[in-house]
J.: 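One structure follows; several queries about it will come next.
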There are 2 protein chains.
Amino acid sequence: MSRRERLRAQTSDEIKAIALKLMAEGGPDAISLRAIAREMGMTAGAIYSYFATRDDLVTTLIGDVYTSLVEAAEAARDAVSESDAGGRIMAWAQAVREWALANPEGFRLIYGDPVPGYQAPEDSPGIAAGVRACAGITGLVAAAWPVAGVVLRDYDWRDFDAGLVAHTREEFPDLPPAGLALTMRVWGRMHGLVALEIYGHLRGLAHDPATVYRDEMRDLIASLGL
Amino acid sequence: MSRRERLRAQTSDEIKAIALKLMAEGGPDAISLRAIAREMGMTAGAIYSYFATRDDLVTTLIGDVYTSLVEAAEAARDAVSESDAGGRIMAWAQAVREWALANPEGFRLIYGDPVPGYQAPEDSPGIAAGVRACAGITGLVAAAWPVAGVVLRDYDWRDFDAGLVAHTREEFPDLPPAGLALTMRVWGRMHGLVALEIYGHLRGLAHDPATVYRDEMRDLIASLGL
DNA sequence: CCCTATGGTGAACGCCGTGTAGTAAATCAA
DNA sequence: TTGATTTACTACACGGCGTTCACCATAGGG
């Protein structure tokens with residue numbers, strides 16, 4: 001890597017770091033090229049040699065932030081013995097909620113709507129992180145398979161995306177198609193309460209959302225027969 | 001109501017209608033005072049005699065939109081016999097998802113982050129609609145009480161907001177505090193998958209999210225012993 | 001040592017929300 | 001009917017935004 005490339009990467013990292021700082025302080029909308037440039041002693045136009053557009057920068061940030069969330073969840077899961085499938089689910093779930101509470105703006109960035117009509121490009125790092133999250137939850141489900149107490153319909157592999165199916169069958173050969181459906185349901189169940197809480201819809205209803213969430217996750221784990 | 005007041009209300013309604021149209025076309029960020037005024041053949045400044053600020057307008061819209069969602073859910077629920085508690089839950093859940101699919105931008109407006117750092121004022125119509133939604137789900141839970149197969153911790157009335165508790169004890173005198181916790185859990189469970197779907201996080205994973213969601217709701221209903 | 005590719009500037013364009021001063025018309029009081 | 005006042009609205013200005021473009025200084029490689 002030449003000196004030029006090094007400097008370039010450094011500047012690019014600084015842009016992202018400042019963007020993340022601005023976001024943490026003022027939400028996703030506070031990520032403005034002019035504010036970033038101001039903080040760097042540059043002109044807004046200069047950023048365009050690093051990111052084609054503001055949305056491009058945000059797309060990159062989503063990838064970084066999403067990856068940090070997934071890594072937090074994976075680390076929490078891996079801190080629990082593989083033999084304790086239920087404990088690993090709880091660890092993942094708690095890590096997600098705690099990460100979200102610590103990085104509410106990041107959560108909004110990932111699961112909210114950073115840009116009107118924004119659609120992440122197929123090959124963005126955000127998509128990769130999403131796939132990784134999905135794979136993580138699939139692993140949690142697979143470790144509990146066969147599940148005991150969940151209402152399950154029959155599914156077909158064709159009900160799901162081919163790439164996802166290929167990856168799943170390779171990594172979790174014993175998991176039937178219904179396992180993928182259950183993965184999404186588990187994901188939804190972990191996501192729902194956290195999203196409501198982060199976006200303030202539980203504000204002033206329950207004083208301790210953590211307890212409600214823990215109960216919900218205990219019920220989820222119990223329903224898997226763990 | 002005088003002629004003045006009638007004209008005033010009419011103009012105000014037109015502003016809101018155009019704002020909703022703009023939102024449906026381009027997402028919440030497309031609600032700009034200038035665009036509304038342009039469409040009405042007015043100046044942007046004129047809107048300030050109807051709404052103190054753009055956020056004020058959005059706050060009002062949230063109330064309208066949220067109310068329309070709650071009314072759709074209530075209507076669907078009421079179309080099912082009171083004796084069929086499980087059917088009423090399913091009807092509510094399906095109505096919420098279908099409304100969200102038909103009004104994705106509305107869903108984003110209610111449950112997303114329309115404005116950076118936006119906090120709805122305590123007395124906004126959006127709060128009222130939220131309370132109404134919460135009450136609706138509480139009713140669904142109360143109709144199934146006592147629940148059979150859910151992991152429930154003991155709760156205290158003091159774990160919840162006093163106003164919510166007062167309303168609940170009056171309307172559903174047989175529901176213990178844990179019922180309120182379960183209400184939030186049910187809400188979260190209905191919300192999670194829909195939010196993931198609306199925000200595109202299931203895109204390209206499951207070909208038919210409706211089936212996954214229906215299964216999840218069936219499981220929820222079964223877990224309540226219905 | 002020169003040439004060029006590169007990272008940067010600064011001004012411009014057209015959006016945006018938001019104030020303020022002024023105007024014309026509608027309403028009300030006499 | 002006439003005069004006073006309230007009200008709806010316009011015109012303009014300010015600062016902020018993303019984005020583009022012509023231009024410049026300089027660091028790197030031959």
J.: Base, sugar-phosphate alone, or nothing: which one does Y50(A) contact when heavy atoms must sit under 4.0 Å apart?
T.: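 Y50(A): backbone/sugar contact only, no base atoms under 4.0 Å.
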J.: Rounded to the nearest Å, what distance is computed from the CG atom of residue D29(B) to the P atom of nucleotide dG16(D)?
T.: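 Between P of dG16(D) and CG of D29(B): 20 Å.
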J.: Considering non-hydrogen atoms only, spot the tightest contact between M40(A) and I18(A) and give its length.
T.: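 Nearest pair, atom of M40(A) first, then I18(A): CG-CD1, 3.2 Å.
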J.: What does L57(A) touch in the nucleic acid at a heavy-atom separation under 4.0 angstrom: a base, only the sugar-phosphate, or nothing?
T.: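 Touches nothing.
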J.: Earliest and latest nucleotide of DNA chain C, 5' to 3', sitting under 4.0 Å from a non-hydrogen atom of chain A?
T.: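 Nucleotide range in contact with chain A: dT6(C) to dA12(C).
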J.: Check the angle between the aromatic planes of H191(A) and F107(A) and answer parallel, tilted or perpendicular using the 30° and 60° thresholds.
T.: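 The rings of H191(A) and F107(A) lie parallel, inter-plane angle below 30°.
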J.: Provide the closest heavy-atom pair for L205(B) versus C134(A) in the form atom of the first, atom of the second, distance.
T.: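 Closest heavy-atom pair between L205(B) and C134(A): CD1-SG, 4.2 Å.
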J.: Taking side chain as C-beta onward, heavy atoms only, is R88(A) less than 4.5 Å from D78(A)?
T.: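 Yes, close enough: below the 4.5 Å cut-off.
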J.: Write down the distance between CZ (F51(B)) and C1' (dA8(D)), rounded to a whole number of angstrom.
T.: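 Nearest whole value for this atom pair: 15 Å.
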J.: Whole angstrom is fine here: how far is it from CZ in R6(A) over to P in dA27(D)?
T.: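 After rounding, the reported distance stands at 15 Å.
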J.: Ion pair present between D219(A) and R189(A), side-chain N to carboxylate O less than 4.0 angstrom?
T.: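 Answer for the salt bridge query: yes.
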J.: Looking at every strand, decide which applies to I31(A) at a 4.0 Å heavy-atom threshold: base, sugar-phosphate, or nothing.
T.: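 Touches sugar-phosphate only.
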J.: Under 3.5 Å, is there a donor-acceptor pair between the side chain of S12(B) and the main chain of A9(B)?
T.: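 Not confirmed, S12(B) side chain does not pair with A9(B) backbone.
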J.: Looking at R77(B) and W92(B), would you say the former's side chain and the latter's main chain have a donor-acceptor pair under 3.5 Å?
T.: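 Checked: no pair found.
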J.: Using modelled atom types only, decide if a donor and an acceptor are shared between the side chain of D159(A) and the backbone of D156(A) within a distance under 3.5 Å.
T.: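 Side chain of D159(A) to backbone of D156(A), a donor-acceptor pair under 3.5 Å: yes, one is there.
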J.: What pair of heavy atoms forms the shortest contact from K16(B) to D64(B), and how long is it?
T.: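 Here K16(B) and D64(B) meet closest at NZ-OD2, 3.1 Å.
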J.: Heavy atoms only, 4.0 Å cut-off, all strands: where does S32(B) land among base, sugar-phosphate and nothing?
T.: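 Sugar-phosphate contact only - S32(B) comes under 4.0 Å of backbone atoms but never of a base.
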J.: For L33(A) and dG18(D), give me the distance from atom CG to atom P, rounded to whole Å.
T.: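 These atoms are roughly 4 Å apart.
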J.: Got a list of protein N/O to nucleotides 10-15 of chain D N/O distances below 3.5 Å?
T.:
residue : atom : partner : partner atom : Å
dT10(D) : OP2  : T43(B)  : N            : 2.7
dT10(D) : OP2  : T43(B)  : OG1          : 2.7
dT10(D) : O5'  : T43(B)  : OG1          : 3.0

J.: Report for the helix from dC1(C)-dG30(D) to dA30(C)-dT1(D): angle between first-end and last-end helix axes, five pairs each, rounded to 10 degrees.
T.: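 Roughly 0° between the end axes, to the nearest 10°.
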J.: For R214(B), does its backbone N or O pair with a side-chain atom of R97(B) as donor and acceptor, under 3.5 Å?
T.: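 A pair under 3.5 Å: no.
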J.: Within the side chain of S32(A), is there an N or O that forms a donor-acceptor pair under 3.5 Å with the backbone of A35(A)?
T.: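 Side chain of S32(A) to backbone of A35(A): a pair is present.
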J.: To the nearest angstrom, how far is L7(B) atom CG from dA8(D) atom P?
T.: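 Taking atom P of dA8(D) as the reference, CG of L7(B) is at 9 Å.
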J.: Under 4.0 Å, counting only non-hydrogen atoms across every strand here, what does T53(A) touch: a base, just sugar-phosphate, or nothing?
T.: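 T53(A): backbone/sugar contact only, no base atoms under 4.0 Å.
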